[in-house]
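I have placed the structure first, in the form of structure tokens, so that the comments after it can refer back to it.
In this chain, numbering begins with 1 at the start of the sequence shown.
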Amino acid sequence: MTDSAESIESMRQLAAVWRRMVLDREPAADVRDLPGIAVRWADCGFVFWNCLTLTETGVNKVLLERRLHEAAGIMRAKRRSGFLWLFEDLLAPDAFAELDAATERAGLSFAFPGTGMAGDLLPLPEPAHPELIFRRVQTDEQLEAYADLNSRAYGFPLEDGRDGIGGSSLWKADVHAYLGVKDGEPVTCAAAVEQDGRLFVILVATAPGFERRGFGEAVTRKALYEGAKATGLKRAVLHATVAGAPVYPRIGFRPNSAIRFLTVAS
């Protein structure tokens, strides 16, 4: 794929996977495909399940201005806060040059950066780590541990993560979600879910104090390995935080579009 095609793939994977995740959390969620905007909004405590993304390619500065104002209006009408995921590679040069000013005029603010990544990287060798035992998430207790790891890693209250995936049957059945357990304690987690002929890596986290020991890479490899074994798929997609971005190229991912996470300005 070209870089542009991979950026489009990254955006479409977000919209498709988040549709499933949001409807799993809240069957009456706001899930709409509007002109130029995909709405995937559970309006729940887990902020990542409250999501918009721009879906057009080659967006010029005039259209960008319109879409940002439309997105901001949708977000302000919601009870809970969330993010607009903006894939920079989908913007035309004039729109990218105007992005900061257009964001401010729409009443949005920059929250944090991310990076879309993809790769034809499978099959992987069966992963192992000398300090970890891997456990697939199959019980509510394990799912709660998975949620708590994400809350701790991202600085959320524990109840917010549990509000996102607690009690989910989808996560226990269809998502290849794994905990990395050290001395009986879950310290890292990663998951892969099949979507449109790809494995999408989702909600990777490592507990504070256990970073930089290869735990996140090892459990991500485990989720991909088991997902590929179950599905036969070889291509994988993910969206990396700044902390995770250096890890994934070691597995075989390569970056495509930079992502801006935008929220309503306070």
Side-chain angles (χ1 to χ4, degrees), residues 1 6 9-25 40 46 48-49 51 114-129 132-147 149-150 153 161 164-181 186-206 214-241 243-245 247-256:
M1 287 188 176
E6 289 192 349
E9 172 191 42
S10 190
M11 174 271 291
R12 289 177 176 169
Q13 281 277 292
L14 171 68
V17 173
W18 252 241
R19 172 185 286 274
R20 294 172 64 191
M21 298 297 153
V22 166
L23 290 174
D24 172 64
R25 167 56 183 79
R40 306 289 186 262
F46 188 56
F48 287 127
W49 284 176
C51 165
T115 306
M117 293 188 175
D120 296 306
L121 60 148
L122 303 168
L124 295 170
E126 184 166 6
H129 191 287
L132 297 178
I133 296 172
F134 299 118
R135 295 281 185 256
R136 183 167 184 180
V137 173
Q138 295 181 306
T139 68
D140 286 337
E141 181 182 12
Q142 291 170 327
L143 191 56
E144 185 173 286
Y146 197 109
L149 281 168
N150 272 268
I165 63 174
S168 168
S169 57
L170 174 71
W171 273 76
K172 289 180 288 186
D174 294 343
V175 179
H176 302 277
Y178 283 84
L179 298 169
V181 179
V187 295
T188 190
C189 62
V193 60
E194 179 181 3
Q195 185 66 49
D196 299 332
R198 297 156 180 82
L199 288 171
F200 187 91
V201 176
I202 186 170
L203 298 187
V204 179
T206 298
F215 290 175
E217 179 179 344
V219 75
T220 301
R221 286 179 177 273
K222 178 64 173 178
L224 285 166
Y225 173 82
E226 297 295 344
K229 187 167 68 172
T231 65
L233 296 175
K234 296 183 178 182
R235 185 161 182 81
V237 175
L238 59 79
H239 301 128
T241 62
V247 173
Y248 300 119
R250 297 200 292 266
I251 302 175
F253 289 92
R254 68 174 192 174
N256 44 72

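- Note that CG of D24 is 3.5 Å distant from OG of S168, once rounded to the nearest 0.5 Å.
- When side chains are defined from C-beta on, R20 counts as touching D174, because their heavy atoms get closer than 4.5 Å.
- The two residues H176 and A230 make their nearest non-hydrogen contact at CE1-CB, 3.5 Å.
- Between atom NZ of residue K222 and atom CD of residue E217 there is a gap of 15.0 Å, rounded to the nearest 0.5 Å.
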Walk me through it: do L132 and V187 pass the test side-chain contact (heavy atoms from CB on, under 4.5 Å)? CA-CA 9 Å; L132 297 178; V187 295; 3.8 Å; yes
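- Between M21 and R40, every side-chain heavy-atom pair lies at or beyond the 4.5 Å cut-off.
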Salt bridge (charged side-chain N to carboxylate O under 4.0 Å, His left out), that's the test. Do E226 and K229 meet it? Break it down for me. CA-CA 5 Å; E226 297 295 344; K229 187 167 68 172; 3.4 Å; yes
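- The CH2 atom of W171 sits 14.5 Å away from the CD atom of Q138 when rounded to the nearest 0.5 Å.
- Looking at W49, its side chain never comes within 3.5 Å of a backbone N or O of V22 through a donor-acceptor pair.
- Using cut-offs of 30° and 60° on the angle between ring planes, the pair F253 and Y248 is perpendicular.
- For W18 and F48, the ring centers sit 6.0 Å or farther from each other.
- The distance from the CD atom of E144 to the CG atom of L149 is 11.0 Å, given to the nearest 0.5 Å.
- Contact record, A145 with P186: CB-CG, 4.0 Å, taken as the closest heavy-atom pair.
- Taking both residues in full, the closest heavy atoms of L233 and E194 are given as CD1-CG, 3.5 Å, listed atom of the first, atom of the second, then distance.
- When every heavy atom of G167 is checked against every heavy atom of L143, the shortest pair comes out as N-CD2, 3.6 Å.
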Determine whether Q13 and L238 satisfy the following criterion, side-chain contact (heavy atoms from CB on, under 4.5 Å), listing intermediate values before the conclusion. CA-CA 9 Å; Q13 281 277 292; L238 59 79; over 6 Å; no
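- Between M117 and V237, every side-chain heavy-atom pair lies at or beyond the 4.5 Å cut-off.
- Expressed to the nearest 0.5 Å, how far CG of L14 lies from SG of C51 amounts to 4.5 Å.
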Might you work through the side chain to side chain donor-acceptor pair (under 3.5 Å) test for H239 and S10, ending with a clear yes or no? CA-CA 8 Å; H239 301 128; S10 190; 2.8 Å; yes
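- Proximity of the aromatic rings of F134 and H129 is defined here by a centroid distance below 6.0 angstrom, and this criterion is not met.
- V247 is not listed as a side-chain neighbour of T220, based on a closest heavy-atom distance of 4.5 Å or more.
- Contact annotation: the side chain of V193 never approaches that of L199 to less than 4.5 Å [non-hydrogen atoms, C-beta and beyond].
- More than 12 heavy atoms of other residues, nucleotides or ligands shown are found within 6.0 angstrom of CZ on R136.
- More than 12 non-hydrogen atoms from other residues, nucleotides or ligands lie less than 6.0 angstrom from NZ of K172.
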Apply side-chain contact (heavy atoms from CB on, under 4.5 Å) to residues R135 and Q142 and explain how you reach the verdict. CA-CA 9 Å; R135 295 281 185 256; Q142 291 170 327; 4.2 Å; yes
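- Contact between A118 and N256 at its shortest, heavy atoms only, is N-ND2, 3.8 Å.
- Checked by atom type and distance alone, the side chain of T206 never pairs as donor or acceptor with a backbone atom of C189 at under 3.5 Å.
- The minimum heavy-atom distance between A218 and P127, with the atom names listed, is O-CB, 4.1 Å.
- The backbone N or O of G166 sits nowhere less than 3.5 Å from a side-chain atom of Y146 that would complete a donor-acceptor pair.
- The structure places CZ of R19 at 10.0 Å from CD of Q195, a figure rounded to the nearest 0.5 Å.
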For the pair L179 and V219, evaluate side-chain contact (heavy atoms from CB on, under 4.5 Å) and give the outcome as yes or no after the intermediate values. CA-CA 7 Å; L179 298 169; V219 75; over 6 Å; no
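- A salt bridge is absent between R221 and E126: the closest approach of a Lys/Arg side-chain nitrogen to an acidic carboxylate oxygen does not fall below 4.0 angstrom.
- The pair D120-R235 meets the salt-bridge criterion, since a charged nitrogen lies less than 4.0 angstrom from a carboxylate oxygen.
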